Visitor: 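Take a look at the following structure, please.
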Amino acid sequence: MKKILVTSALPYANGSIHLGHLVEYIQTDIWVRAQRMSGHQVYYICADDTHGTPVMLRAEKENMSPDQLVSKVHAEHSADFNDFQVKFDNFYSTNSNENKLLSESIYKTLVSNNKIEKKEIEQFYDDQKNMFLPDRFIKGTCPKCKAEDQYGDSCEVCGATYSSTDLIKPFSVISGTEPIRKKTEHYFFKLSECEDFLTQWTQSGTLQKEAANKLKEWFKAGLADWDISRDAPYFGFEIPDAPGKFFYVWLDAPIGYMASFQNFCEKNNINFDEFWSKDSEAELVHFIGKDILYFHALFWPATLEFSNYRLPSKIFAHGFLTVNGEKMSKSRGTFITARSYLDTVKDPDLLRYYFFSKLNDSMEDLDLNLDDFISKINSDLVGKFINIPSRTSGFIKKYFDYNLMTKDQFTSDETKALLDVILSNVDEVKKYYHDREFSKLNRLIMNSIESVNEFINNKEPWVLAKQDNQDQPNSDLHEICSAALQSFRVISLYLSPVLPVLTHKISAFFDEEFTHFDQIHISVKKINQYEHMLKRVEKDFVDQMIELNTVKD
RNA sequence: GGUGAUGUAGCUCAGCUGGUUAGAGCGCAGGAUUCAUAAUCCUGAGGUCGAGAGUUCAAGUCUCUCCAUCACCA
């Protein structure tokens with residue numbers, strides 16, 4: 001039994017959860033459930049990422065304090081995750097006392113290890129608002145193509161990148177006034193000194209190959225020191241012994257993983273150090289989007305290494321979600337919020353299954369094709385999978401009073417073979433789950449499902465039912481329908497990490513609970529009355545969902 | 001602009017270190033069947049593997065050029 005601490009990236013407390021976020025949470029949740037079903041002890045930890053300028057300004061705009069905004073968003077996020085069956089052991093906040101103390105203590109250790117230095121830099125400053133401006137809060141005319149209203153770091157029209165100081169006619173997004181240049185003292189993490197350590201660590205197998213390659217580019221360019229401070233006003237933690245200076249949000253965000261876990265440990269009497277001390281034997285696994293690879297594969301391990309904590313065991317980066325082959329877009333209605341899906345399509349298992357059927361261990365983007373979604377669900381889950389009990393349980397009820405034959409009672413070689421093949425897949429199933437090769441696993445499982453339907457077609461139980469003596473226990477009819485249902489049960493166990501809602505109903509149909517893959521080795525003796533467990537997806541619901549998300553320009 | 005990826009049937013995707021007539025699911029056409037939520041099963045049509053050149057006895061699989069799409073640039 002392994003001990004594993006798993007995290008998903010912290011959602012920013014500035015907006016709603018959308019389907020792009022859910023690719024990650026669903027992938028992680030499936031992985032966590034599968035590891036538990038394989039017998040490992042797993043803690044799944046997350047938190048809202050609360051600090052930074054965007055949250056501060058958004059709160060101001062909504063006439064509330066940052067704390068109020070943060071708790072409002074936290075409630076929304078919690079409900080979204082819960083309704084998608086993403087079950088964290090702890091969903092906390094980076095704006096917590098635990099996080100403050102940990103951030104301060106890590107910072108102090110970095111200082112004592114001589115990894116922090118002060119430098120004076122020059123930044124844009126909004127004179128009216130009395131604050132320094134991050135790049136994305138400065139707009140102006142592109143120095144290259146002269147397109148107006150472009151951000152301070154790159155031009156969306158011609159694609160040029162430049163420094164905000166190159167902008168023609170720069171203005172502050174907040175006040176609209178022209179920013180002035182002002183000197184300020186900032187704190188830097190000396191990342192350039194960590195190059196040897198990081199070069200080695202990033203090529204050590206913790207990362208996917210593609211991710212490691214991607215990082216080589218950055219090493220080639222040379223690592224620059226990392227600015228970890230921001231000037232007041234800033235929503236965040238004040239740096240010890242540095243009045244008016246705050247930790248940059250990306251310093252305390254990953255520490256939020258630790259803080260959330262610490263909070264969980266205190267509530268549940270778990271040993272925090274067993275998971276975070278330098279000599280920890282537990283695994284630490286981070287699921288992230290490829291956009292934040294830089295932070296998790298460079299800053300974060302460097303921070304941990306030089307503040308005397310353990311390092312991540314694995315970092316799993318995934319790609320982005322596209323919808324109908326294109327980037328998600330508010331005007332096309334494909335910036336789909338989690339809530340709008342729950343309000344229209346409703347069943348979380350369907351999206352979970354769709355993502356499952358397409359996910360793998362690469363950083364490639366994943367496309368949600370809505371027509372494909374509808375046909376995949378209706379064909380795979382309704383037409384083939386749930387059709388198995390639907391087409392066989394009637395015979396068991398009518399002729400055998402809900403009693404099933406168990407595996408050791410089967411007499412036909414064909415019947416035994418049907419179930420044996422499916423049972424023999426268990427190691428492959430576990431391996432595919434572990435390796436995050438979900439689409440390959442999906443194909444394996446669908447093959448099993450098709451083999452059961454094929455078996456039923458060939459055996460024609462509806463023909464047998466009209467013959468004499470087939471209503472006797474252990475008849476061919478009894479054996480065929482029992483084999484189909486025993487097979488269905490095993491397949492359901494395999495799918496239970498993906499389809500928690502549906503397989504919960506299925507386990508109740510068999511009068512049990514699915515908690516461990518080892519349960520495949522027993523046969524059940526009875527079923528309950530079969531009721532429809534899954535509805536087809538109607539295109540209307542998907543259309544409504546798009547309508548809900550369509551923002552008119 | 002720099003760097004990295006991707007481009008395989010109408011759609012979504014498999015194709016490991018190069019090796020027999022390029023695969024799956026959906027969709028489509030035809031057939032079988034009626035137990036089942038118009039579900040299931042069988043058969044079939046559909047691809048000069050982005051374009052061009054090269055290496056090789058042999059390339060979707062290696063090399064180069066070009067085109068298109070996407071991401072990242074702290």
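Keep in mind the model is a prediction, meaning the values are calculated, not measured.
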Visitor: If I take atom CZ in residue A/F385 and atom C1' in nucleotide B/U40, what distance separates them, rounded to the nearest angstrom?
Guide: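 These atoms are roughly 16 Å apart.
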Visitor: For the pair made of CH2 in A/W462 and C1' in B/C35, what is the distance, rounded to whole Å?
Guide: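 Checked: the CH2 to C1' distance equals 6 Å.
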Visitor: Can you check whether any acceptor in the base of B/U40 is under 3.5 Å from a donor in the side chain of A/N457, or vice versa?
Guide: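 Counting by modelled atom types and ignoring angles, a donor-acceptor contact under 3.5 Å is found here.
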Visitor: Nearest whole angstrom, please: distance from the P of B/C73 to the CG of A/D291.
Guide: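 Atom CG in A/D291 sits about 8 Å away from atom P in B/C73.
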Visitor: Using the ring-ring contact (aromatic ring centres under 6.0 Å, His included) rule, collect all pairs that involve residues 346-380 of chain A, keeping only residues at least two apart or in two chains.
Guide: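 Output for this query lists A/Y354-A/F373, A/F356-A/F438.
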Visitor: What form does the base of B/G18 take, syn (within 90° of 0) or anti?
Guide: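 Nucleotide B/G18 adopts anti.
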Visitor: Hey, can you tell me if A/F295 and A/W250 have their rings parallel, tilted or perpendicular (30° and 60° cut-offs)?
Guide: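 Because their plane-to-plane angle is under 30°, the rings of A/F295 and A/W250 count as parallel.
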Visitor: With C1' as the reference atom in both, quote the distance from B/C49 to B/G7 in angstrom, rounded to an integer.
Guide: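 Rounded to whole Å, the distance is 10 Å.
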Visitor: Scan A/L534 against the nucleic acid and name what it touches under 4.0 Å (heavy atoms): base, sugar-phosphate only, or nothing.
Guide: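 Base: the residue A/L534, judged by heavy atoms under 4.0 Å, touches a nucleobase.
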Visitor: Roughly how far apart, to the nearest Å, are B/G18 and B/U34 at atom C1'?
Guide: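 It comes out at 50 Å once rounded to the nearest Å.
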Visitor: Distance between the C1' atoms of B/C41 and B/G47, in whole angstroms?
Guide: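 That atom pair is separated by 27 Å.
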Visitor: Quick one: label A/G394 by what it contacts on the DNA or RNA (base, sugar-phosphate, nothing), any heavy atom closer than 4.0 Å.
Guide: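 Here A/G394 touches no strand at all.
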Visitor: Give a yes/no verdict on a cation-pi contact between A/K115 and A/F189, requiring under 6.0 Å between NZ or CZ and the six-membered ring centre and an angle within 45° of the axis.
Guide: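 No; the conditions do not both hold, so A/K115 does not lie above the ring face of A/F189.
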Visitor: Do A/W300 and A/H286 have side-chain atoms, one donor and one acceptor, less than 3.5 Å apart?
Guide: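 Indeed, the side chains of A/W300 and A/H286 share at least one donor-acceptor pair under 3.5 Å.
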Visitor: Find the distance A/F320:CZ to B/U69:P and express it as a whole number of Å.
Guide: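 Rounded to the whole Å, the gap is 19 Å.
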Visitor: Answer yes when A/K182 and A/E122 have at least one side-chain N-carboxylate O distance shorter than 4.0 Å, and no when they do not.
Guide: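 No, this pair does not count.
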Visitor: RNA chain B in dot-bracket, Watson-Crick or G-U pairs under 3.5 Å, [ ] crossing, | other strand?
Guide: (((((((..((((.....[...)))).(((((.......))))).....(((((..]....)))))))))))).
Visitor: B/U21 and B/A59: how far apart are their P atoms, nearest whole angstrom?
Guide: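 It works out to 11 Å between them.
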Visitor: Measure all distances between protein nitrogen or oxygen atoms and nitrogen or oxygen atoms of nucleotides 12-14 of chain B, and list the pairs falling under 3.5 Å.
Guide:
unit_1: B/U12; atom_1: O3'; unit_2: A/K358; atom_2: NZ; d: 2.9
unit_1: B/U12; atom_1: O2'; unit_2: A/K358; atom_2: NZ; d: 2.6

Visitor: Assess the side chains of A/T503 and A/S496: does a donor N or O sit below 3.5 Å from an acceptor N or O?
Guide: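 No donor-acceptor contact under 3.5 Å links the two side chains.
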Visitor: Which heavy atom of A/I388 sits nearest a heavy atom of A/A484, and at what distance?
Guide: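 So the minimum-distance heavy-atom pair works out to CG2-O, 3.7 Å.
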Visitor: By nearest atom, which of the nucleotides B/C35, B/U37, B/G25 is closest to the A/I456 side chain?
Guide: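 Nearest to the side chain of A/I456 among the choices is B/C35.
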Visitor: Would you kindly compare A/K327 and A/S390 by the position of their nearest RNA chain B nucleotide and give the one closer to the 5′ end?
Guide: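 The residue whose closest nucleotide sits nearer the 5' end is A/S390.
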Visitor: How close or far is atom P of B/A38 from atom CG of A/N378, stated in whole angstroms?
Guide: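 Roughly 11 Å, once rounded to whole Å.
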Visitor: Sticking with atom C1', work out how far B/C64 lies from B/A45, rounded to a whole angstrom.
Guide: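 Per the computed distance, 38 Å lies between those C1' atoms.
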Visitor: If you check every side-chain atom of A/R391, which of B/C35, B/U37, B/C41 has the closest atom?
Guide: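 Nearest to the side-chain atoms of A/R391, counting from C-beta on, is B/C35.
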Visitor: When you compare B/A24 with B/C35, how far apart are their P atoms, in angstrom units rounded to a whole number?
Guide: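 31 Å, rounded to whole Å.
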Visitor: Could you check how far CD of A/E450 sits from C1' of B/A24, rounded to whole Å?
Guide: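 The distance from CD of A/E450 to C1' of B/A24 comes to 9 Å, rounded to the nearest Å.
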Visitor: Measure the distance from NZ on A/K290 to P on B/C72 and round it to the nearest whole Å.
Guide: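 Whole-Å distance recorded here is 7 Å.
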Visitor: B/U61 and B/G50: how far apart are their C1' atoms, nearest whole angstrom?
Guide: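 The same atom, C1', in both gives a distance of 16 Å.
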Visitor: Take atom CG of A/L321 and atom C1' of B/C70, then tell me their distance rounded to the nearest Å.
Guide: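 So the CG-C1' distance, A/L321 to B/C70, works out to 14 Å.
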Visitor: Measuring only between side-chain heavy atoms, which start at C-beta, is A/I386 closer than 4.5 Å to A/F488?
Guide: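 In short, these two side chains touch, coming nearer than 4.5 Å.
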Visitor: Using the C1' atom as the point on both nucleotides, what is the distance between B/A9 and B/U48, in whole Å?
Guide: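 Pairwise C1' distance, B/U48 against B/A9, rounds to 13 Å.
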Visitor: Nearest nucleotide by nearest heavy atom, which residue falls closer to the 5' end of RNA chain B, A/A224 or A/I386?
Guide: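 The residue closer to the strand's 5' end, by nearest nucleotide, is A/I386.
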Visitor: Does one side chain, of A/Q529 or A/Y402, offer a donor that lies under 3.5 Å from an acceptor on the other?
Guide: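 Side-chain D/A pair, A/Q529 to A/Y402: present.
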Visitor: What is the minimum heavy-atom distance between A/L10 and A/Y25, and which atoms define it?
Guide: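 Heavy atoms of A/L10 and A/Y25 come nearest at C-OH, 4.0 Å.
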Visitor: Run the numbers on A/K119 and A/D225 for salt bridge (charged side-chain N to carboxylate O under 4.0 Å, His left out), then give the verdict.
Guide: CA-CA 10 Å; A/K119 283 187 227 172; A/D225 291 341; 3.4 Å; yes
